[in-house]
2 protein chains.
Amino acid sequence: MADDAEEMGRKPRADAQRNRGRLLAAAKQAFAEKGVGVSLEEIARTAGLGIGTLYRHFPTRDALVEEVYRHETSQLATAAERLAAELPPVEALREWMLLFVDYLATKLIMAEALGAMVSGREELHAASGTMIKAAIATLAERAAESGAIRLSIAPLDLLRAVFGVSNASAGPGWEENAKRLVDILIAGMRVPPQG
Amino acid sequence: MADDAEEMGRKPRADAQRNRGRLLAAAKQAFAEKGVGVSLEEIARTAGLGIGTLYRHFPTRDALVEEVYRHETSQLATAAERLAAELPPVEALREWMLLFVDYLATKLIMAEALGAMVSGREELHAASGTMIKAAIATLAERAAESGAIRLSIAPLDLLRAVFGVSNASAGPGWEENAKRLVDILIAGMRVPPQG
DNA sequence: TTTAAATACGGAGGCACCCTCCGTTTACAA
DNA sequence: TTGTAAACGGAGGGTGCCTCCGTATTTAAA
């Protein structure tokens with residue numbers, strides 16, 4: 001019944017666990033308030049810890065970001081499963097992409113992280129990135145297999161395109177535009193009714 | 001015949017002119033080799049000048065970038081005019097977007113700059129940004145006026161989407177994908193024949 | 001409890017970069 | 001030739017990144 005503690009050989013010292021939590025909390029708030037570019041020193045200070053401690057727990061800035069956003073990301077993955085089960089393939093794909101836009105909009109904090117994972121350097125944010133990629137790939141491929149759309153580009157590129165529109169775009173209407181883009185993309189991929 | 005020296009009240013001192021040129025040359029090469037993030041100190045050193053001189057000529061990193069890329073950008077603007085004159089509206093729009101992809105691909109050096117100008121902080125790269133925006137806006141609006149497509153998103157968002165796919169995307173096939181995305185976008189905006 | 005090994009902590013220190021400020025040098029016009 | 005506006009250069013102060021290692025704490029064995 002020791003399923004909670006996924007495979008970990010040793011036992012982390014109590015103080016280490018506590019401090020890890022403090023760092024994550026401080027980081028989450030700092031990222032939200034100032035973006036993923038905040039000074040790591042500031043995060044450590046906010047957590048009441050030394051910079052060395054931060055670096056021991058999270059050797060790179062991205063390791064920290066990864067940890068902070070893993071939870072949020074998994075919500076997107078969960079939604080993908082639900083949509084796939086409840087809706088016809090193309091609709092599921094469309095809805096999930098719209099949800100993706102919502103995530104970029106609502107949790108502006110996530111935009112940078114999602115962006116980084118969607119656009120390049122895949123090594124970073126490995127875990128979250130894998131979830132997202134799996135979600136969009138599955139949905140897109142199911143939609144393609146249903147015959148309703150033709151998948152002429154890599155599924156992840158759909159998200160890249162959507163992210164491109166959201167990315168720091170100044171205009172207050174970007175969310176609207178991003179959602180319209182989703183529909184343009186779906187329409188552009190649709191197979192014409194009479195072959 | 002004094003058309004070369006666009007309106008400038010005073011006369012810049014000879015050494016100032018020469019050094020400005022050196023800085024631009026050094027910057028162009030450095031940007032090409034190491035991206036727009038290079039140390040400005042290194043650029044100044046390469047140009048055989050002091051860091052203070054660089055900052056006097058180009059108060060911000062972006063002022064320097066702007067200057068370096070203004071020429072390249074104007075080529076895109078010129079191409080837009082030519083295509084608009086030679087091709088039917090939708091084709092002109094499509095071709096120019098493909099050309100945009102080529103620019104991102106060929107002059108990888110430009111990708112960062114074009115990206116920055118296309119995605120947000122419009123104040124930076126003002127001059128180049130204006131050119132690009134004017135080009136896509138004109139082409140897109142002409143295509144929409146022809147009745148062949150429906151322009152449901154901001155023209156610039158088309159470029160944002162394309163840029164999103166190109167943006168640091170690791171895969172070697174990104175250029176292909178970006179071009180296919182252009183066709184998906186065009187197809188997605190096309191007005192159905194018997195609307 | 002005592003004790004010693006294992007582990008974690010903290011922050012000084014070295015490095016890189018940014019940008020400013022101002023004393024020195026230079027170009028050029030009178 | 002000479003006075004001065006303009007340009008130069010780099011030291012200096014600030015911030016951030018990351019490493020390293022002496023000190024402090026926890027844990028478990030005796």
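Owing to the predicted nature of the structure, the values given are computational and were not obtained by experimental measurement. Order of the sequence lines sets the chain letters (A, B, ...), proteins ahead of strands, with each chain counted from 1.
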| request: By nearest nucleotide on DNA chain C, pick out whichever of Ala14(B) and Pro59(B) is the more 5' one. | output: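 Closest to the 5' end, via its nearest nucleotide, is Pro59(B).
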
| said: By nearest heavy atom, map Glu41(B) and Gln17(A) onto DNA chain C; which one lands nearer the 5' end? | reply: Gln17(A)

Quick one: [X] [atom1] to [N] [atom2], roughly how many Å, whole number?
X: Leu54(B); N: dC18(C); atom1: CG; atom2: P; value: 10 Å
X: Arg18(B); N: dA27(C); atom1: CZ; atom2: C1'; value: 10 Å
X: Ile43(A); N: dG16(D); atom1: CD1; atom2: C1'; value: 12 Å
X: Leu64(A); N: dC18(D); atom1: CG; atom2: C1'; value: 15 Å
X: Glu42(A); N: dG14(D); atom1: CD; atom2: P; value: 18 Å
X: Leu49(A); N: dG11(C); atom1: CG; atom2: P; value: 10 Å
X: Phe58(B); N: dG9(D); atom1: CZ; atom2: P; value: 14 Å
X: Arg56(B); N: dA6(D); atom1: CZ; atom2: C1'; value: 9 Å

Side-chain N or O of [X] less than 4.0 angstrom from OP1 or OP2 on [N]?
X: His57(A); N: dC9(C); value: yes
X: Asn19(B); N: dC8(D); value: yes
X: Ser39(A); N: dT15(D); value: no
X: Thr53(B); N: dG9(D); value: yes

Which nucleotide, [options], lies nearest any side-chain atom of [X]?
X: Leu40(A); options: dC18(D), dC18(C), dG9(D); answer: dC18(D)
X: Ile51(A); options: dA12(C), dG10(C), dG9(D); answer: dA12(C)
X: Arg61(A); options: dC18(C), dA27(C), dC17(D); answer: dC17(D)

| Is the count of non-hydrogen atoms from other residues, nucleotides or ligands lying under 6.0 Å from Arg61(B) atom CZ greater than 12? | yes

| said: With a 4.0 Å cut-off on N to O distance, would you call Arg70(B) and Glu67(B) a salt bridge? | reply: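 Yes.
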
| query | Does a side-chain N-to-carboxylate-O contact under 4.0 Å join Glu86(B) and Arg82(B)? | reply |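 Arg82(B) and Glu86(B): salt-bridged.
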
| request: Let me know, please, whether Arg13(B) or Arg13(A) comes out on the 5' side of the other along DNA chain D by nearest nucleotide. | output: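 With Arg13(B) and Arg13(A) compared, the 5'-side residue is Arg13(B).
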
| field | Residue pair Val101(A) / Glu175(A): nearest heavy atoms and the distance that separates them | value |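 Nearest heavy atoms, Val101(A) then Glu175(A): CG1-CG, 3.8 Å.
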
| message | Does any part of the side chain of Leu181(A), heavy atoms only, come nearer than 4.5 Å to the side chain of Arg160(B), both counted from C-beta? | response |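 No, too far: nothing below the 4.5 Å cut-off.
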
